[in-house]
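Below is one structure, written out as structure tokens, with a few remarks after it.
The first residue of the sequence shown is numbered 1, and numbering continues consecutively from there. Order of appearance sets the numbers: ligands from 1, and atoms from 1 within every ligand. Scope of the values below: all heavy atoms of this structure, side chains included, with no hydrogens, waters or symmetry mates.
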Amino acid sequence: MRILKNTSLKPYNTFRIDCSARTLIRVKSIKECGLLFGGGLKFSKPLLIIGGGSNLLFSGDFNGTILKPEFTGIAVEELDGNDVIVSAGAGVNWDGFVEWCVNGGISGVENLSGIPGSTGAAPVQNIGAYGVEAGDVIEKVVAVNTTDGSKRVFRNEECGFAYRASIFKGPEKGNYLIARVFFRLSMKNKPNLDYGSLREEVMRTGKPTLKNIRETILRFRQSKLPDPSVIGNAGSFFKNPLVSKMQAEKLSIKYPGLPVYNDLSGRSKIAAGWLIEHCGWKGKRVGDAGVHEKQALVLVNYGYASGKEIFELSEEIRLSVLKEFRIGLEREVELI
Ligand code: EPU
């Protein structure tokens with residue numbers, strides 16, 4: 001365990017907001033968590049658990065304790081026909097995990113290539129891209145109760161997975177620290193290429209092998225999304241809004257070209273990036289806060305923007321989308 005006092009959070013959030021935390025604790029094992037939460041060590045509250053910090057916006061200094069689980073290790077736990085159960089520690093870099101699977105001929109997470117962040121954060125916000133969500137392949141989650149240090153296993157159906165949501169972000173927020181995630185994957189390649197032009201692009205460049213799918217997705221992401229190691233950002237700032245089928249039909253008539261997708265919930269999902277672009281925000285910059293020039297759903301920090309400035313820009317965007325389309329955008333990024 002490493003305890004840091006009054007430390008800068010700049011290296012701990014991909015928006016690269018320069019603020020500080022009163023205490024930051026890097027925990028290396030479940031045993032250390034047990035000690036911490038079981039009362040063996042006093043820490044100042046509030047408590048915030050972070051992963052790669054790739055979905056957070058700090059609006060100012062954090063006057064409590066930030067906990068960063070750094071549990072490592074990837075392991076094959078079980079083979080059951082073509083199914084394979086693989087586990088990864090919460091601190092494992094997500095894309096490192098995906099690459100490990102692809103290199104090992106294990107299918108299921110290749111569409112989630114290139115997503116910044118840690119494996120422990122994947123279930124929290126049910127990360128998703130190119131037609132796949134983490135919740136589709138998570139078997140179970142091993143977590144530590146933050147009030148008494150006890151261990152609990154959540155089966156997939158207990159995690160409440162929904163679009164960019166789970167109980168860990170909802171009713172159980174802050175109550176559990178995710179220690180290890182178990183995935184049900186496959187030794188058989190089952191390509192999922194139905195998103196946009198993914199199939200076309202994969203077939204144009206070769207066969208639908210795991211490696212080719214991964215490389216195609218990495219290229220897609222590089223062409224649209226800013227690399228957080230170069231320019232501060234937290235991926236999509238807002239969620240794609242869900243509206244009734246009727247509202248979607250009316251909007252499509254009024255705004256031809258508006259991307260609308262059918263959602264499993266029976267409602268329609270609208271592309272928030274399109275709405276924001278059509279309000280004129282794409283590529284706009286206010287000081288060091290801006291809207292990415294290739295993907296309007298992504299807000300960026302050109303260098304020295306404060307969390308407050310990014311937040312204020314996001315609120316202006318929200319207001320203009322509300323005025324033009326009568327749709328209230330919901331943040332995907334967590335505001336601290
Ligand atoms: N679009 C525009 N203008 C823009 C951005 C998008 O017109 O500025 C249009 C695109 O042309 C396309 C549609 O909107 O027709 C959807 O765009 P895209 O495929 O880029 O995906 P998205 O809905 O904007 C979602 C996820 C991303 C994920 C991609 C690919 C959310 C909030 N975002 O974005 O996830 O990578 O799909 O699957 O669901 C993230 O969560 O941080 C993230 C980056």
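The Gly235 neighbourhood of ligand 1 comprises atoms 42 (O), with distances under 4.0 Å to a heavy atom of that residue. Taking every non-hydrogen atom of Lys282 and a distance limit under 4.0 Å, the qualifying atoms of ligand 1 come out as 3 (N), 4 (C), 8 (O).
Nearest protein heavy-atom neighbour of atom 23 (O) of ligand 1: Asn240 ND2, 2.8 Å. Among all protein heavy atoms, the one lying closest to atom 38 (O) of ligand 1 is Tyr130 N, 2.6 Å. Considering only non-hydrogen protein atoms, atom 14 (O) of ligand 1 sits nearest to Ala271 CB, 3.2 Å. The nearest heavy-atom contact from the protein to atom 1 (N) of ligand 1 is Trp274 N, 3.9 Å. Ranking the protein heavy atoms by distance from atom 31 (C) of ligand 1 puts Tyr163 OH, 3.3 Å first. Counting only heavy atoms of the protein, atom 12 (C) of ligand 1 lies nearest to Tyr261 OH, 3.9 Å. At the top of the distance list for atom 36 (O) of ligand 1, counting protein heavy atoms only, stands Arg221 NH1, 3.6 Å.
For the pair Arg152/Glu158, a side-chain contact is recorded, criterion being any heavy-atom separation below 4.5 Å from C-beta on. Within the 4.5 Å cutoff, no side-chain heavy atoms of Glu332 are placed close to those of Leu297. Contact annotation: the side chain of Ile3 approaches that of Thr23 to within less than 4.5 Å [non-hydrogen atoms, C-beta and beyond]. With a 4.5 Å cut-off on side-chain heavy atoms, Asn175 and Thr147 do not count as touching.
Among Tyr195, Trp281, Phe238, Phe220, the residue whose heavy atom lies nearest to atom 29 (C) of ligand 1 is Tyr195. Here the shortest heavy-atom distance to atom 9 (C) of ligand 1, taken over Pro259, Gly131, Pro241, belongs to Pro259. Considering only non-hydrogen atoms, atom 26 (C) of ligand 1 lies nearest to Arg164 out of Glu332, Arg164, Glu293. Between the choices Lys294, Gln295, Glu277, Glu330, the shortest heavy-atom distance to atom 22 (P) of ligand 1 belongs to Gln295. Considering Ser197, Gly114, Ser236 only, the shortest heavy-atom separation from atom 40 (C) of ligand 1 involves Ser236.
Taking a 4.5 Å side-chain heavy-atom cut-off between Ile, Leu, Val, Met, Phe, Trp and Tyr, the cluster of Val230 contains only that residue.
Atom 43 (C) of ligand 1 is flagged as protein-proximal [any protein heavy atom, distance under 4.0 Å].
In this structure, Arg184 fails the cation-pi test against Phe182, since its NZ or CZ atom is not both closer than 6.0 Å to the six-membered ring centre and inside 45 degrees of the ring normal.
Here side chain to side chain donor-acceptor pair (under 3.5 Å) pairs that include residues 29-45, with residues two or more places apart or in two chains, are Ser44-Thr65.
For Ala296, heavy-atom contacts with ligand 1 shorter than 4.0 Å involve the backbone as well as the side chain.
Rounding to the nearest 0.5 Å places OH of Tyr176 at 11.5 Å from CD1 of Ile49.
The main-chain N or O of Lys224 is found under 3.5 Å from a side-chain atom of His292 such that the two form a donor-acceptor pair. A donor-acceptor distance shorter than 3.5 angstrom exists from the side chain of Arg285 to the backbone of Gly287, with no hydrogens or angles considered.
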